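Remarks on the structure that follows.
Proteins come first, then strands; the chains are lettered A, B, ... in the order of their sequence lines, and each starts at number 1. Please read all numbers here as calculations on a predicted model, not as lab measurements.
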Amino acid sequence: MRASRFHLATLKETPVDAEIVSHQLMLRAGMIRRHAAGIYSWLPLGLRILRKVEQIVREEMDRAGALELLMPSFQPAELWQESGRWDQFGPELLRLRDRHQRDACIGPTHEEIITDIFRREVNSYRQLPVNFYQIQTKFRDEIRPRFGVMRSREFIMKDAYSFDLDKDAMQRAYDIMDQAYVSIFDRFGLDYRAVSADSGAIGGSTSQEFHVLADSGEDAIAFSDQGDFAANIETVEALPPSSERAAPNAAMETVDTPAMRTIDDLATGLGVSARQCLKTLIAEAEDGGLVALVLRGDHELNVLKAERLEGVASPLRLAQREQIVEVLGNDIGSLGPIGLEIPVFVDHSAAQLNDFVCGANQEDRHLVNANWGRDCAEPASVDIRNVTEGDPSPDGKGQLRILRGIEVGHIFQLGQKYSESMQATVLDEQGKAVYPYMGCYGIGVTRVVAAAIEQNHDDSGIIWPDALAPFQLAICPINYHKSEQVKQAADDFYHSCRQQGLEVFLDDRALRPGVMFSDMELIGVPHRVVFSERGLKQQQFEYKGRRDDSAQDLSLDDLDGFLQQLFPGQCRAD
RNA sequence: CGGAGUGUGGCGCAGCCUGGUAGCGCACCUGUCUCGGGGUCAGGGGGUCGCAGGUUCGAAUCCUGCCUCUCCGACCA
């Protein structure tokens, strides 16, 4: 590709609304442009990268035996009513009516459609196993789209659906997809982790997420420093402390704590550590009342664990301040478990404390040296917190480390949820109609692009892994339009690269070198070659890898050898 | 959804308080001198000032309504 024929649309300034680096760089590099909240066009440069991701996904899915098809975005309501999700799905489902007043939606996912296809097309166990997939646009009407294509309303997803006769076969299909995902993410060249996960709204049991590691990731993942254990932090069990609780050392006292409303205020004001304090959260109960959730001051509540507790409303809703004041007769900021008249759930770690600090349930007062068993009833302790760095791994091997990740893939075992609700059956060997077991497997194709940038960039711009780069190699001739010699060398090299099947970008714009260099760095081309009069005089050209600190001068005599070394397996040695 | 902002050439912004017919930087076009890290100088094109209504001799500016987009939002209890 010649720059003069390509729409290179780089921006010098960073658009003010882009918060995260991948969004900023995608805009600056001219990959995407926004039309409305969470709605983007992919410009030619961005599309090249998107297609790279798609192609790798497609090749590995095909290799794993999945069959590509294409389903509609516009989906009739009847199918969603059959599965029951027309009512279950919230406002994220974009609903609309056609001219005949028929209800429909723009698909946020395709379980209903694929099940409809399956029940019409597949009738016999002899046709199983089967796994259909597509790479297609989804629409989810997010409350608050942000971070560019990381959380957009319209996005491209690869979604696959497997159908099997029984659970064991479903497990085999799932394992094959697990392997395919490993191959896919390996080929992307990204640093990633597969972790076990909660299956959320899609339903089903076993599920695993694939996260691209990046400090800016929205999810926390916990993994053992010694074993294979790795999971999304929201699912990880916090083991109860192994040691006995220490005995009380001092009598409980009430102290004035004016204007100390947060754990930090309290710890600083009283000169104790946050882990010696209790944090008392008030949530709504199933019966409309309130419950208290008590944690150590330095711990965070795990919402999934809390809403699974008997008597706690699910989904979890933290109580409104007004309701707390009305029912408990006391404002937030000085609540504690001692003397509370509502059900109290105490986290294992909080129940382990002795001589702790907690709210006195009186305005601006706290208790110090409070003790379970002595100053109030012995609590029934539960696991309601997020694990933290250094906690023991639930599999008993080593300690937990915590990293941040961006969820780009998720694989589920769905079981018979959709085949039953939508009456999709096949005949088994006995000629009996049975509900097949399904699995579903997603990859956020657009999100992979953003995640790759989030993980690989520097002050100059994007640094694509080779497999995703829009161009493999950039040629920057200096004075292309003035020097016949430079033009000749650059053109020759360009043609020879193209003959070898390389995706090469020749910057033939009449620009100063600084502009060319910064553009090529911004859009993240992994390799750069420079031709100049100065170098040609000495029979040399210059090479710099995107991550290299400085360039090196190489001999013109061995351009072909250079290419073979740079792109082994792709260039002919002729 | 609740709260806070915002809307002026493609992008980033000033002008608004104190009404007088729109300006700056980047980008773009022409020419010029430069030519190995986002250059110089000169000239130029491009704007229904979010939309609708109102006040006024006169509205980007004041008033009313609507819309858009952005940010923040319950681990502080």
Interatomic distance where CG belongs to Leu316(A) and C1' belongs to C75(B) [whole Å]: 11 Å
Checking all strands, does Leu301(A) fall into the base, sugar-phosphate, or nothing category for heavy-atom contacts under 4.0 angstrom? base
Can you check whether any acceptor in the base of G36(B) is under 3.5 Å from a donor in the side chain of Arg528(A), or vice versa? no
Proximal nucleotide (of G38(B), C71(B), A74(B)) relative to the Thr10(A) side chain: G38(B)
Nucleotide nearest Ile263(A) (side chain, heavy atoms from C-beta), chosen from G39(B), A77(B), C71(B): A77(B)
Whole-Å distance between C75(B) C1' and Ile233(A) CD1? 13 Å
Would you indicate what Leu318(A) reaches in the nucleic acid, counting non-hydrogen atoms under 4.0 angstrom: base, sugar-phosphate, or nothing? base
Rounded off to whole Å, could you give me the CG-to-P distance for the Asp298(A) and A77(B) pair? 12 Å
Between Gln552(A) and Glu542(A), is there a side-chain heavy-atom distance shorter than 4.5 Å? no
Salt-bridged, Asp347(A) to Arg385(A), with N to O below 4.0 Å? yes
Could you give the distance separating G7(B) and G50(B) at their P atoms, to the nearest angstrom? 8 Å
Check whether the side chain of Arg28(A) and the base of G12(B) form a donor-acceptor pair under 3.5 Å. no
Paired to C11(B) by Watson-Crick or G-U wobble criteria (both distances under 3.5 Å) is G25(B)
Would you mind classifying the nucleic acid contact of Arg317(A) as base, sugar-phosphate or nothing, using non-hydrogen atoms under 4.0 angstrom? nothing
Can you measure Ile475(A) atom CD1 to G36(B) atom P for me and round it to whole angstrom units? 20 Å
Sticking with atom P, work out how far A59(B) lies from G20(B), rounded to a whole angstrom. 11 Å
Any strand: nucleotide that pairs with G5(B) via Watson-Crick or wobble, under 3.5 Å: C69(B)
Measuring only the C1' atom in each nucleotide, how far is C57(B) from U21(B)? A whole number of Å is fine. 13 Å
Does the side chain of Asn354(A) pick up a donor-acceptor pair with the side chain of Asn371(A) at under 3.5 Å? no
What nucleotide among C69(B), G39(B), G37(B) has an atom nearest to a side-chain atom of Ser518(A)? G37(B)
Walking RNA chain B from its 5' end, the first of Gly38(A) and Glu521(A) to be reached, judged by nearest nucleotide, is Glu521(A)
Regarding the side chain of Glu13(A), the nearest nucleotide among C11(B), C71(B), A77(B) is C11(B)
Check if the side chain of Arg512(A) and the base of U34(B) share a donor-acceptor pair of N or O atoms closer than 3.5 Å. yes
Glu234(A) and Lys305(A) ion-paired at < 4.0 Å: no
Hey, what's the ring geometry for Phe531(A) with Phe493(A), parallel, tilted or perpendicular (30° and 60° as the breaks)? perpendicular
In whole Å, measure the gap between the C1' atoms of G43(B) and G37(B) for me. 28 Å
Which nucleotide wins on minimum distance to the side chain of Pro513(A), given the candidates A77(B), G36(B), G38(B)? G36(B)
Looking only at side-chain atoms of Ala37(A), point me to the closest of C69(B), G36(B), G39(B). C69(B)
Over 60° means perpendicular and under 30° means parallel, so classify the ring planes of Phe471(A) and Phe505(A), tilted if in between. tilted
To the nearest angstrom, how far is Asp264(A) atom CG from C75(B) atom C1'? 11 Å
May I ask you to verify if any side-chain N or O of Arg385(A) is less than 4.0 angstrom from the OP1 or OP2 atom of C75(B)? no
To the nearest Å, give me how far apart CD (Gln538(A)) and P (G36(B)) are. 15 Å
Is the shortest distance from a Lys or Arg side-chain nitrogen in Arg546(A) or Asp458(A) to a carboxylate oxygen in the other one below 4.0 Å? yes
Tell me whether the side-chain N or O atoms of Asp519(A) pair up with the base of G38(B) as donor and acceptor below 3.5 Å, since no angle test is needed here. yes
From the candidates C1(B), G36(B), C75(B), the one with an atom nearest any side-chain atom of Ile143(A) is C1(B)
Pairwise P distance for U61(B) and U56(B), with rounding to whole Å: 16 Å
To the side chain of Lys544(A), which of C69(B), G37(B), G38(B) is closest? G37(B)
Heavy atoms from C-beta onward define the side chain here; which of A77(B), G37(B), G36(B) lies closest to that of Leu281(A)? A77(B)
Which listed nucleotide (C76(B), G36(B), U34(B)) is nearest to the side chain of Thr262(A)? C76(B)
Once you apply a heavy-atom cut-off of 4.0 Å, does Val303(A) come out as touching a base, just sugar-phosphate, or nothing? base
When rounded to the nearest Å, what value does the distance between C1' atoms of C17(B) and G2(B) take? 30 Å
Atom CG of Leu27(A) to atom C1' of U70(B): distance rounded to whole Å? 14 Å
OP1 or OP2 of A27(B) sitting under 4.0 Å from any side-chain N/O of Lys12(A)? yes
In whole Å, I'd like the distance from the CZ atom of Arg34(A) to the P atom of U68(B). 13 Å
Side chains of Arg547(A) and Asn456(A), donor plus acceptor under 3.5 Å: yes
Could you give the distance separating U6(B) and C76(B) at their C1' atoms, to the nearest angstrom? 29 Å
Determine the Euclidean distance between corresponding C1' atoms of G10(B) and G47(B); express it in Å to zero decimal places. 11 Å
Most 5' of Asn386(A) and Leu511(A) on RNA chain B, judged by nearest nucleotide: Leu511(A)
